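Have a look at the structure below, then the notes.
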Amino acid sequence: SSPDSDGCTPELEKAGLLNKTKIAEGGRKLRKNWSLSWVVLVGNSLVFFKDPKSQTPSSWKPGNSRPESSVDLRGAQLNWANDLSSKKNVFKLRTVTGNEFLLQSETESLIREWFNTIQSVIDRLDRE
Ligand code: I3P
């Protein structure tokens with residue numbers, strides 16, 4: 001059986017580097033500020049960490065791995081959003097609370113994997 005056969009530990013579904021910008025907070029539009037983010041999909045959440053490589057050597061400590069923010073995927077909506085950016089391979093994630101994020105990668109196969117994996121989590125939560 002799996003190490004989590006009791007289902008108590010949220011399963012890590014995916015992790016990697018993506019370009020990220022928040023474009024709305026509670027339905028209010030924000031100015032874009034793209035940055036590279038370490039993105040982790042675990043359980044019902046998408047968790048964002050600052051890219052360690054973008055930090056100065058002195059600012060980076062292993063214990064500094066506190067998430068920057070976290071998104072609850074229950075009821076969230078996912079849409080391709082190439083019309084919302086001059087960048088290619090962009091999708092938009094909208095939470096029930098009206099927070100909106102764009103996520104982007106130069107690698108099409110990679111962004112498709114992220115889209116499909118996040119969508120499958122949203123679908124699973126919709127069925128619960
Ligand atoms: C924005 C910046 C963003 C760009 C955005 C600009 O300018 O260039 O990268 O988004 O375009 O407004 P500033 O740095 O002055 O805020 P994309 O890279 O996603 O195109 P937008 O206003 O058309 O969204």
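Indexing begins at 1, ligand by ligand and atom by atom, following the structure's order. Treat the numbers as computed from the prediction; the structure is a model and nothing was measured. All residue numbers refer to positions in the sequence shown, counting from 1.
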Inset, instruction - Any chance you could lay out the side chain to side chain contact (heavy atoms under 4.5 Å, CB included) test for Val90 and Trp80, step after step, and finish with the verdict? - result: CA-CA 6 Å; Val90 181; Trp80 290 107; over 6 Å; no
Report each N/O pair between ligand 1 and the protein that falls under 3.5 Å, naming both atoms.
{"from": "ligand 1", "atom 1": "10 (O)", "to": "Lys32", "atom 2": "NZ", "distance (Å)": "3.2"}
{"from": "ligand 1", "atom 1": "15 (O)", "to": "Arg31", "atom 2": "NH2", "distance (Å)": "3.0"}
{"from": "ligand 1", "atom 1": "16 (O)", "to": "Arg31", "atom 2": "NE", "distance (Å)": "2.8"}
{"from": "ligand 1", "atom 1": "16 (O)", "to": "Arg31", "atom 2": "NH2", "distance (Å)": "3.1"}
{"from": "ligand 1", "atom 1": "18 (O)", "to": "Trp34", "atom 2": "NE1", "distance (Å)": "3.3"}
{"from": "ligand 1", "atom 1": "19 (O)", "to": "Lys32", "atom 2": "NZ", "distance (Å)": "2.8"}
{"from": "ligand 1", "atom 1": "19 (O)", "to": "Trp34", "atom 2": "NE1", "distance (Å)": "2.9"}
{"from": "ligand 1", "atom 1": "19 (O)", "to": "Ser85", "atom 2": "OG", "distance (Å)": "2.5"}
{"from": "ligand 1", "atom 1": "20 (O)", "to": "Ser86", "atom 2": "N", "distance (Å)": "2.9"}
{"from": "ligand 1", "atom 1": "20 (O)", "to": "Ser86", "atom 2": "OG", "distance (Å)": "2.7"}
{"from": "ligand 1", "atom 1": "24 (O)", "to": "Lys32", "atom 2": "NZ", "distance (Å)": "2.6"}

Legend entry - Geometric class of the Phe101/Phe48 ring pair [parallel <30°, tilted 30-60°, perpendicular >60°]: tilted
Legend entry - Evaluation steps, side chain to side chain contact (heavy atoms under 4.5 Å, CB included), between Phe91 and Ile118: CA-CA 11 Å; Phe91 63 73; Ile118 294 171; 3.9 Å; yes
Inset, instruction - Kindly indicate whether a cation-pi arrangement holds for Lys14 with Trp114, taking the cut-offs as under 6.0 Å to the six-membered ring centre and within 45° of the axis. - result: yes
Legend entry - Lys92: side chain to side chain donor-acceptor pair (under 3.5 Å) partners, not counting sequence neighbours: none
Inset, instruction - Report yes or no: do Thr97 and Thr95 form a side-chain donor-acceptor pair below 3.5 Å? - result: yes
